[in-house]
Amino acid sequence: MARKALSLKGLLAISAIGSFCALVYQLVIAATFISITGDSVLWQSLTAGIFLAAAGIGTFAANRVRRRDPWKTLFVVEFALAVCGVGAVVGILGLEAGWHVYETFFVPEGTASKIPALAMLCTGHLFTFAVGFFSGFEIPLVLRLCETVGGEADRFDLVLGLNYIGALAAALGFSFLLLPQLDLFLTAAVAALLNLALCVVLAERVLGRVWHWPIAGALAAIAVLALLWPEFYRISTAAFYATEIEAEDAVENDPPGVRDALRALAGRAWRVQRRRSRYQLIDFLSDPYVPTTDDLHFNAKLREKNGLPPGLTVFLERQFQFYEGVEPMYHEYMAHVPVQLFSKVPRRVLILGGGDGMMAREMLKYGDRVESILNVELDPVMIELAKNEPRLADLNGRSFLHPRVKVRIDDAFFFVRNRREPFDAIYIDFPHPTNYELTRLYSVEFFHNIKRLLAPGGYAVLDYPIDALSTSSVDNRQNAILMATLKATGFGTVFLYQNTQSEPIEDSEFGKDRNWAVNGVKSGELVTNGWMEGFVALSADERPLNFKFRDEGVKLYALNAARLKRMKEERYPYVDDPSLINSIFHPKLFRPLHLEGLEYR
């Protein structure tokens, strides 16, 4: 068969399509690592860096194998790209699932090393290196083949230009078409099919049909992976939550084998329900958890006969948000403590975040005194779940269906920048700042707009991971960044508080039929709320705070007069350092959780 059967245009098309596929794989790999860690800045940067470095090595290597048949080598390169690309998602998630299985089932509690977790992350980037290497290997091959079919030696501008165009098409296609319509595996599979289509063209036009056999094998493998992918993804997701869904309790043999662990995860995987939106992973866990003594003490709702069963736990981007059995300890402290501190029930309320509907539920307890609630949420899928998912809708009291509650789908950062009408209270209910996108919502620029939107006498409150220390001489960076940022904004009143307190158990509060000895706690012993959450109450002007509990006629399960009064004595030390101001141009709060002690969970 004639070796010039493939035209110059055909070779240039191969170059563009190959570039498209390679960049799709790189974006898929980065998105997979981001879904594991939640850190987009690090993994986009690291994946791009490894990809480009490997591409350089591949280009160098291609110029050292000139004696080999370039057509056959090009076939091998396209085939290798398809195999590495489609295997990347499965491989990386499989490595992570394997780490969690090892940590949960085979390592004694408290003895796990962080080195295997780091090794898992590094091993996953072998896929990045392989894709980059073969992508870089492809360009010199196409240039050499262009010399044989085009009659001109210098085709560098055409090849490189079409490579860049293919990369642009991949970036746009991945962001606007492939990932929104498909998941990560299917996106990689589409690119792999394109690479295999190029292999078919090479086999038909140049190499001969005997080269169809490896293509058929690859297609069969992709089909099998596509069939197994839903179950694989379900079990790998369950592996991350193995502790929460008590997978260890489902193991039949002691000590367990790998098969026992996988069987236990498969049997408990139904407890994890995942929804992927454009912005985040939303995980609902059905947890048969039995309330502890401190849960029962600090949340009176659990002691009511008609109280909701404590079975729902919500994670966003695999970070804990709330647990049904103790959520009043969070939402009541955030919603009602500022009302008590500032002695004011707000008329116009703005909620930023709070897509679960719980903050709106709490503010609706004040009846007609709260005239309007505007809830600004970025993710429409979260709002849809809050309205229609039965367990979440029951928990939030279907607050988003109330006529005084309006929902707006918008980015809170841009909403407060563009809004002009003031509010009497602003509730800032965001996930903790573990990535760059979230640090914007704790920046001095953001807080300037919050302060501007407060009506005279108004207040704001935010959820924040406050560090409580026993001595003020310790350099508490987390508190220092917050205080430096808020001082730069010019808030007159800044009050930090937590929901964590210790109190003695009393038989009278639970009834005589309660045997506390069952849980190892006797009457009079101290119990501590272990579900620690920190909050910050703000006002534009300097105002005295009221710690004397006022009965506003609302039903409260966690907050009471004694707990409010105790907040007056709480102290959260920090170092006064103006250089720690958190800004969108110089983020200081960007401390990825998975880098703390080589952890990534």
Side-chain angles (χ1 to χ4, degrees), residues 289 291-304 307-308 310 312-315 319-342 351 353-354 356 358-363 365 395-396 425 427-433 442 459-470 476 478-479 482 493-506 509 526-538 545-550 552 554-574:
Y289 174 76
T292 63
T293 302
D294 53 293
D295 293 346
L296 288 163
H297 175 77
F298 286 99
N299 179 14
K301 190 176 184 65
L302 296 176
R303 306 197 298 269
E304 291 187 352
L308 292 172
L312 177 65
T313 308
V314 176
F315 287 76
Q319 298 297 324
F320 174 80
Q321 297 304 302
F322 70 84
Y323 166 62
E324 180 180 354
V326 296
E327 60 84 14
M329 300 181 198
Y330 172 88
H331 293 105
E332 286 189 10
Y333 275 71
M334 185 172 185
H336 305 294
V337 167
V339 173
Q340 296 288 335
L341 292 176
F342 296 108
I351 300 173
D356 51 38
M358 237 70 83
M359 285 304 302
R361 176 200 68 189
E362 292 301 318
M363 298 312 297
K365 290 181 178 180
L395 194 59
N396 64 37
Y427 288 87
I428 306 167
D429 189 11
F430 298 136
H432 290 169
Y442 296 83
Y459 64 82
V461 61
L462 66 141
D463 165 28
Y464 185 81
I466 298 170
D467 288 334
L469 301 178
S470 58
N476 192 319
Q478 192 96 317
N479 294 356
L482 174 71
T493 301
V494 178
F495 179 72
L496 283 64
Y497 65 98
Q498 286 183 336
N499 62 355
T500 301
Q501 297 180 348
S502 297
E503 296 176 349
I505 284 287
E506 297 179 9
E509 63 181 302
L526 287 178
V527 291
T528 302
N529 171 21
W531 300 86
M532 184 185 73
E533 292 289 347
F535 307 94
V536 185
L538 308 166
L545 300 177
N546 169 57
F547 293 93
K548 185 176 181 180
F549 190 84
R550 297 184 307 129
E552 297 287 354
V554 300
K555 180 69 172 178
L556 298 177
Y557 297 101
L559 180 64
N560 58 33
R563 293 165 189 170
L564 177 68
K565 183 178 180 180
R566 208 173 291 132
M567 292 178 190
K568 187 176 183 179
E569 309 302 323
E570 295 175 355
R571 295 293 182 270
Y572 304 97
Y574 63 93

Exercise for the section: Search all heavy atoms of P328 against all heavy atoms of A558 and return the closest pair with its distance. Expected result: O-CB, 3.7 Å
Practice task
State, with a plain yes or no, whether a side-chain heavy atom of L341 is found less than 4.5 Å away from one of N546.
Solution key: no
Problem - Lys/Arg-Asp/Glu bridge criterion (N-O < 4.0 Å) met for K365, E552 - result: no
Practice task
Please report the shortest heavy-atom distance between F298 and R563, naming the atom on each side.
Solution key: O-NH1, 3.5 Å
Practice task
Output, in order, the C-alpha distance, side-chain angles, deciding distance and verdict of side-chain contact (heavy atoms from CB on, under 4.5 Å) for L462 and F535.
Solution key: CA-CA 6 Å; L462 66 141; F535 307 94; over 6 Å; no
Fill in the blank from the handout: CG of L538 to CD1 of I428, rounded to nearest 0.5 Å, is 7.0 Å
Practice task
Measure from the side-chain N and O atoms of N479 to the backbone N and O of Y574, and report whether any donor-acceptor pair falls under 3.5 Å.
Solution key: no
Problem - Close side-chain approach of K565 to F549, heavy-atom, < 4.5 Å - result: no
Exercise for the section: Over 60° means perpendicular and under 30° means parallel, so classify the ring planes of Y464 and Y442, tilted if in between. Expected result: tilted
Exercise for the section: Given side-chain hydrogen bond (donor to acceptor under 3.5 Å, both in side chains), test H432 with Q319 step by step and report yes or no. Expected result: CA-CA 9 Å; H432 290 169; Q319 298 297 324; over 6 Å; no
Exercise for the section: May I ask you to decide if Y333's main-chain N or O and Y497's side chain share a donor-acceptor pair within less than 3.5 Å? Expected result: yes
Exercise for the section: Kindly give the heavy-atom pair with the smallest separation between F320 and Y323, and that separation in Å. Expected result: CZ-N, 3.4 Å
Practice task
First locate atom CG of N499, then atom CG of L559, and finally report the distance between them rounded to the nearest 0.5 Å.
Solution key: 10.5 Å
Problem - Ring centre gap for Y330 and F322 strictly below 6.0 Å - result: no
Exercise for the section: Hey, could you give me the CG/CD distance between N560 and E503, rounded to the nearest 0.5 Å? Expected result: 6.5 Å
Problem - is_close_aromatic(F495, Y459), centroid dist under 6.0 Å - result: no
Practice task
Report yes if some heavy atom in the side chain of D356 is under 4.5 Å from a heavy atom in the side chain of V314; otherwise report no.
Solution key: no
Handout entry: Y427 to M334 - nearest heavy-atom pair and separation
Key = CE2-O, 3.2 Å
Practice task
Please check if the side chain of Q340 supplies one atom and the backbone of R550 the other of a donor-acceptor pair under 3.5 Å.
Solution key: yes
Handout entry: Short side-chain to backbone donor-acceptor contact, N396 and R361, under 3.5 Å
Key = no
Practice task
Answer yes if the side chains of E332 and H336 hold a donor-acceptor pair under 3.5 Å, and no otherwise.
Solution key: no
Problem - Whether N299 side chain and G325 backbone form a donor-acceptor pair below 3.5 Å - result: yes
Practice task
Enter the distance from Q498:CD to M532:CE here, rounded to the nearest 0.5 Å.
Solution key: 5.0 Å
Fill in the blank from the handout: All heavy atoms of H297 vs all of P504, minimum pair found to be CE1-O, 3.7 Å
Problem - Inter-residue atom distance D429.CG - I351.CD1, 0.5 Å rounding - result: 8.0 Å
Problem - Atom pair CE/CD of M358 and E324 - distance to nearest 0.5 Å - result: 8.0 Å
